[in-house]
Q: 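After the structure tokens below, expect a handful of questions from me.
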There are 2 protein chains.
Amino acid sequence: MRKRRDSLASVVAKDLAERIERGDYAVGDKIPIEAQLCEMFNVSRTVVREAIATLRSEGLVTSRHGVGVFVEERANPALSITKEAAGELSEVLELLELRLGVEVEAAGLAARRATEDDLRAIRDVFDKACDLDAFAEQPRELDYAFHLAIARASGNGWMAKFMDFIGPVIIPRSQLLHASQPEITRDYLRQMVDEHRRILDAIAAGDAVAAQEAMRMHLSTSLDRYRKRLVES
Amino acid sequence: MRKRRDSLASVVAKDLAERIERGDYAVGDKIPIEAQLCEMFNVSRTVVREAIATLRSEGLVTSRHGVGVFVEERANPALSITKEAAGELSEVLELLELRLGVEVEAAGLAARRATEDDLRAIRDVFDKACDLDAFAEQPRELDYAFHLAIARASGNGWMAKFMDFIGPVIIPRSQLLHASQPEITRDYLRQMVDEHRRILDAIAAGDAVAAQEAMRMHLSTSLDRYRKRLVES
DNA sequence: GCCTCATCAGTTGTCTGATGACTGCGCAAT
DNA sequence: ATTGCGCAGTCATCAGACAACTGATGAGGC
């Protein structure tokens, strides 16, 4: 009985998207004209147009003025993180696992490819975090900056983009997430710096395997901390 | 003099998005009501509503019926693959590197967590590809299906989503990409089946390290094939 | 004093009808 | 055969009205 929850426009958009995905309308096909859609869904043109505006912004269709609306070959299934998903602790855990895979590889590539500039950038961030007081103030931000610098040093644009992508989740702003995060002690920070140093050294030495291992170790530790947190709650 | 190129709605949407990104309206703030926006941009309500529908679908704002439209904290810088990027061979290469990192991890997780059903699903796809004639007909599709099954077996939703995400690039439809792909010989298919078998066996045996290594080997091979192709062209 | 609930103003959601703008196609003129 | 024109189909935009929802205010009962 919760039909009021979703607006008509979004219902129509979802339905249309489904039909397109299902292949009812093939790529390149023209979908029914506005008037027909109005009749199909028993809604006004306003609603239909808003629904199509949504699909268009998602790249599922394109409108051609005076001609019609056509199904687009969608090359962007847009990997996106929704708030709800990011709110679930278990989802954050899974995201961390994904991140581990990517970053281990990034560390390996960085060891092979990092330029002098890349290394300097990584070292800069690392040095900043060596000051435990500064590190304690922005633990997540500095940690993230370190990892981002490595992703950049991998010379792989997608990895850098990927880190941008999950950044907002790693540095959570919502209270919910903060509450569910492990507490940060002085000892923990020291350990972090140590782990960072191992990664940095391996990359600087150009030892890809060692860099991968160090990164895996580092992320596994924080993954375990989260896991413990999860079973506690 | 290109004013006719973009629809009013998209112009308004872009402008509003810019203002939001720029911080004119802070997260949580209510943006001006529809009537005011109409006045600001000198457009009708239809246009404003379509623009807002776009922003909403992008997660930049949320509408609350009877209250207003509010700026969302957008946690999705939307990792998306654009057509142009996917067209560049070098970009495909980098995407493959990213994929390698994710899939190596997925294989390891699958070895630890795969259920009976998961294993059956992987084996089904593998068996299909064992018939070299069938494999030759849809080499990329079957290979992709195998990898997708493993990602699913990892028990990590994000990894499965990630594979969905890059699927369209791995199974390219555009002529451009096909032309730039390595040619597929009978020998190559046999080798693929062999590599797949190693991965499958390791996962079935629950040997995470072996699964990771097998997967890394498998993807490295195809990465090398692409690299060779790149220097040739 | 405090709680309950009806009412109201403000805002988004939906509907309707009309007009403008653009495209593709056929047809006529050359 | 080519060119140009007009027409029908379709999307884009406008204008106005009403419906539905929310949050705040204030009246009334306890």
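Order of the sequence lines fixes the chain letters, A, B, ..., with proteins taken first and strands second; residue numbering starts at 1 for each chain.
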Q: From the list D/dT13, C/dT12, D/dC11, which nucleotide is the closest neighbour of the side chain of A/Val69?
A: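 Between D/dT13, C/dT12, D/dC11, the one nearest the side chain of A/Val69 would be D/dC11.
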Q: When you match A/Gly66 and A/Arg49 each to their closest nucleotide on DNA chain D, which lands nearer the 5' end?
A: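 The 5'-side residue here is A/Gly66.
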Q: Just to be sure I understand the geometry, which residues of residues 31-46 of chain B put a non-hydrogen atom under 4.0 Å away from DNA chain C?
A: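 B/Ile33, B/Glu34, B/Arg45, in order of number.
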Q: With a 4.5 Å cut-off on side-chain heavy atoms, are B/Thr54 and B/Glu50 touching?
A: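 No. Closest side-chain heavy atoms not under 4.5 Å.
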Q: Which sits closer to the 5' end of DNA chain C, A/Val67 or A/Glu50, going by the nucleotide each is nearest to?
A: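 Upstream on the strand: A/Glu50.
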Q: Would you say D/dT10 has OP1 or OP2 under 4.0 Å from some side-chain N or O of A/Lys30?
A: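 It does, given that an N or O in the side chain of A/Lys30 lies less than 4.0 Å from OP1 or OP2 of D/dT10.
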Q: Find out whether A/Phe162 and A/Leu98 are in side-chain contact, i.e. whether some heavy atom of one side chain is under 4.5 Å from a heavy atom of the other.
A: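 A/Phe162 reaches A/Leu98 side chain to side chain.
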Q: Rounding to a whole Å, what distance do you find between A/Arg64:CZ and C/dG24:C1'?
A: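 Nearest whole value for this atom pair: 9 Å.
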Q: How many angstroms lie between CG in A/Leu37 and CG in A/Asn42, if you round to the nearest 0.5 Å?
A: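 Reported value, rounded in 0.5 Å steps: 12.0 Å.
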Q: Measure across B/Met159 and B/Ala151 and return the closest heavy-atom pair with its distance rounded to 0.1 Å.
A: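 That would be O-CB, 4.0 Å.
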Q: Are A/Asp15 and A/Phe41 close enough that some pair of their side-chain heavy atoms sits under 4.5 Å apart?
A: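 The answer is yes, as the side chains (C-beta and beyond) meet within the 4.5 Å cut-off.
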Q: In sequence, state the C-alpha distance, the side-chain angles, and the governing distance for B/Val48 and B/Ile52, and then conclude on side-chain contact (heavy atoms from CB on, under 4.5 Å).
A: CA-CA 6 Å; B/Val48 167; B/Ile52 290 181; 3.9 Å; yes
Q: Quick one: does A/His65 reach the base of D/dC11 with a side-chain donor-acceptor pair under 3.5 Å?
A: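 Indeed there is one.
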Q: Between C/dT12 atom P and A/Leu8 atom CG, what is the distance in whole Å?
A: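 For the pair A/Leu8 CG and C/dT12 P, the rounded distance is 18 Å.
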